[in-house]
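Read through the structure below, which is laid out as structure tokens, and then see the notes.
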Amino acid sequence: MYLKNIELVNIGAYKGYNSFNFKTTKGKNVLLIGGENGAGKTTLLNAIKFGLFGSYGFGYKTENAEYFKHVESILNNQAKRKNNEDFSITIQFEVVDNLKLFKYELKREWKFVNSSIKEQVYLTENGDLLDTQSIELFNAKLKDIMPPQLLDFCLFDGEEIAQIVTQNALSSYIKQLSKVVFNLDLFETLELDLDAYSKQHIHATKMDSVEQELFEANNVEHQLRNDISTSIRAVEYTTNKLKNVSDEYLEIKSTFEKYGGLVKQERENILKQIAEIEAERKQRGEQIKGFVSTLLPFYLIPDLVNETREQIKNEESMQLSQQLDEKLSQETLNKLFSSLSIDSSDDQTEKVKKELISLIAPQQVETMIHGASFAESVKVEQVYNVIQKDEPSAFYALLQANQEDLKRLHQLKAKVNVHDSTDEFGQLLDQMDQYNIEMIKLKQKLDEEQLILENQKQELTALLEKIDKIKLQLRNFDKSTGSLLEAQKIITLSRRYRDIQIQQKLKDVQIQATQNLKKMLRKHDYISLIQINPENYEVTLLDAQQNALEKRTLSAGEKQILLLSIIWAIFKCSGRQVPFIFDTLLGRLDKTHKAAVLKTFIPNFGKQAIILATDSEIDEEHYNLLQPHISREYKLEFNPIKQQTKILKDYFTFS
């Protein structure tokens, strides 16, 4: 699978329409996505899994309540407050199947319908929109080509990789990865199913019990069909009664409209005005509420904001002057004056140093209070710039507008109440209200009766399937002995095939993993061979003299390099084309091993490597190492005031 593009509409902090272009070019397989913690990197990873697999990606066979809880948790909170907002994930990708290239666009869309979430899936194959049945066939194919568990293995979290080795979970990880990547888990599942089937024992008493079960099921079917007939008659009766009441209501309504002066048009216009005013007041109220909960506190304490801003600036100047003081040693200044052919004495150099530091140091001696980071000082500056604007007056105007509209609402509602209380139309309105209440009750009753009928039909369908299975079971009793013997033969053959395959695959993996390790490990000759036992997947390391090395003697970074070398080898030997995603991969590596991973591992690890990083993990130095292999780069910037992530087309800017 090759990811080409992903579009997020109101997903997590990605409000509105957002897109990532994941296309890579030859020799540039890296997509670099930078962002501070909480900027939206994890949301992007979850969106890929949500978009591709839906409920199946989280272990659910169908879309159920638990799955929709997952869905609702990733939808943008601001957009959820607006009932007409759309939510969707669209993924464009390519798949090679039977030596043919297929281009797909999969859109998974969610909408709120009567306070519940509904999901709709659209899929195009080479530009043609597929129907529901074709989508089901595609999902089955996708589970073979790129099952969710394989996608999970393509996501590499630096912290988890480090823990796999330190917690002695290396063998179990390699075992699971090998099964999935080499498709051996399919044979293992087949063996388990056949083994369960083989453990059945056939007895005459069991056959008698099955016949008794069929007799009881036939009796239940007869009673259930009678219940369905009764439910159908109840639905028909309630439907006719609802129609009669509705006709009587329409007749009174027609009389009311015919003789009702301002009754119809004017009354509806007034009610429309009331609805519009209330909607405007609600919208203004949301704006005022947002202002009060975010910016108002800062407007109330502008002096404190100013003092904080000045204090942070002074602290930055103090830190810079201290650094300059450390750098400008007597020896450094003497060399500088000498290079400029200027005669100098110790007093002169000391005087120049003090003058230079005084240009940077704050006017008054300050004490460190905040010790703010760059990001924190930027946020303080943003708040300072915002409160320079006269926004409170605008929100005060909104409050006044709401008060004026409240007066208008009282007047309009009073006018409707006066009209509705007129004796001439009061009786008609009362009758219409009574019919409305009765229609509501009848509709509720009809819904309940239709639900009972639908449940009874579903129960009958399930029962008929059960009866068919019982009949088939009776027919197969005399055939089972031969089929159980064949099942045992298939199990034996499958296990033998798995053993042979894993032995052959692991031999190739050992050679490739050793080559990978030597390329990345600082001590090239420290490990001469990696051995993987095909029975228990235990990893043994041999030195140049073919003596076993203890894995616990490796440093944390070397353990991580070891696992990456094996993972790289397994995927390379499988020939699978999948996207690889690396999240905080370099966290535990030293400078040398970081450089090896960026120059050797990442550029050769598949056609598409997506790296999620912070500016402290991939700084300017490591960015320059990776830059020749970068096809595209993004930066995720989260605005805490708007609660929204913005996608920028460049990585972090280094000063």
Side-chain angles (χ1 to χ4, degrees), residues 10-18 35-40 43 75-85 276-320 361-410 615 635-648 652-653 655:
N10 292 320
I11 301 298
Y14 298 94
K15 189 176 188 303
Y17 174 85
N18 302 268
E36 296 181 356
N37 294 331
T43 300
L75 302 185
N76 182 267
N77 290 325
Q78 296 182 45
K80 281 192 286 189
R81 300 190 190 105
K82 301 177 182 180
N83 295 329
N84 61 341
E85 290 284 359
E276 290 174 350
I277 292 172
E278 288 179 337
E280 290 175 0
R281 292 186 75 249
K282 182 179 179 181
Q283 185 176 5
R284 292 193 202 106
E286 289 293 331
Q287 293 176 348
I288 294 168
K289 182 180 178 182
F291 171 72
V292 170
S293 62
T294 56
L295 295 177
L296 180 59
F298 297 111
Y299 278 101
L300 297 177
I301 53 169
D303 293 339
L304 182 57
V305 174
N306 293 338
E307 291 173 7
T308 302
R309 177 171 174 261
E310 291 301 321
Q311 175 68 22
I312 289 176
K313 286 185 175 180
N314 287 335
E315 289 181 5
E316 291 174 348
S317 299
M318 181 186 298
Q319 289 176 337
L320 185 57
Q363 296 299 320
Q364 298 177 353
V365 178
E366 298 286 342
T367 57
M368 293 291 290
I369 297 176
H370 302 290
S373 65
F374 175 74
E376 291 168 340
S377 65
V378 168
K379 291 178 182 178
V380 172
E381 188 67 25
Q382 288 176 342
V383 171
Y384 171 79
N385 291 332
V386 169
I387 66 173
Q388 302 310 307
K389 303 173 185 177
D390 189 20
E391 290 194 15
S393 60
F395 287 96
Y396 179 70
L398 294 178
L399 281 171
Q400 288 182 316
N402 267 6
Q403 290 178 345
E404 293 297 326
D405 281 350
L406 186 59
K407 293 178 182 177
R408 289 178 60 201
L409 279 176
H410 288 319
D615 57 348
K635 178 186 173 186
L636 306 180
E637 192 172 82
F638 180 70
N639 187 323
I641 296 177
K642 293 184 178 181
Q643 294 291 300
Q644 182 176 347
T645 292
K646 185 178 181 182
I647 303 173
L648 305 179
F652 291 99
T653 302
S655 59

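What you are looking at is a predicted structure, and each value in this text was computed from that prediction instead of being measured. Side-chain atoms are counted along with the backbone in the values below, which use heavy atoms only and exclude waters and symmetry mates.
- Not a single donor-acceptor pair under 3.5 Å links the side chain of Y384 to the backbone N or O of T308.
- Between Q388 and N306, the shortest heavy-atom contact is NE2-OD1, 4.3 Å.
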Which pairs would a plain distance check flag for residues 288-299, meaning a side-chain donor or acceptor within less than 3.5 Å of a matching protein atom at least two apart in sequence or in another chain?
{"residue": "S293", "atom": "OG", "partner": "K289", "partner atom": "O", "Å": "3.1"}
{"residue": "S293", "atom": "OG", "partner": "G290", "partner atom": "O", "Å": "3.1"}
{"residue": "T294", "atom": "OG1", "partner": "G290", "partner atom": "O", "Å": "2.6"}
{"residue": "Y299", "atom": "OH", "partner": "V386", "partner atom": "O", "Å": "3.0"}
{"residue": "Y299", "atom": "OH", "partner": "K389", "partner atom": "O", "Å": "3.2"}

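- Looking only at distances, no side-chain donor or acceptor of N639 sits under 3.5 Å from a matching main-chain atom of E637.
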*E307 and L304: CA distance, side-chain angles, deciding distance, side chain to side chain contact (heavy atoms under 4.5 Å, CB included) verdict*: CA-CA 5 Å; E307 291 173 7; L304 182 57; 4.2 Å; yes
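- Between the N76 side chain and the I11 main chain, no donor and acceptor come within less than 3.5 Å of each other.
- Every side-chain contact (heavy atoms from CB on, under 4.5 Å) that Q283 has, sequence neighbours left out, goes to Q287.
- Scored by the side-chain hydrogen bond (donor to acceptor under 3.5 Å, both in side chains) test, N77 finds K80 as partners (sequence neighbours excluded).
- Looking at residues two or more places apart in sequence or on another chain, you find a side-chain contact (heavy atoms from CB on, under 4.5 Å) between N385 and E381.
- Residues passing the side-chain contact (heavy atoms from CB on, under 4.5 Å) test with A375, sequence neighbours excluded: E36, S373.
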Please set out all donor-acceptor pairs under 3.5 angstrom arising from side-chain atoms of residues 397-404, sequence neighbours excluded.
{"residue": "Q400", "atom": "NE2", "partner": "Y396", "partner atom": "OH", "Å": "3.3"}
{"residue": "N402", "atom": "OD1", "partner": "R284", "partner atom": "NH1", "Å": "2.9"}

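- Counting only distance, with no hydrogens or angles, the side chain of Q78 and the backbone of K642 share a donor-acceptor pair below 3.5 Å.
- In terms of heavy atoms, V380 sits closest to I312 at CG2-CD1, 3.8 Å.
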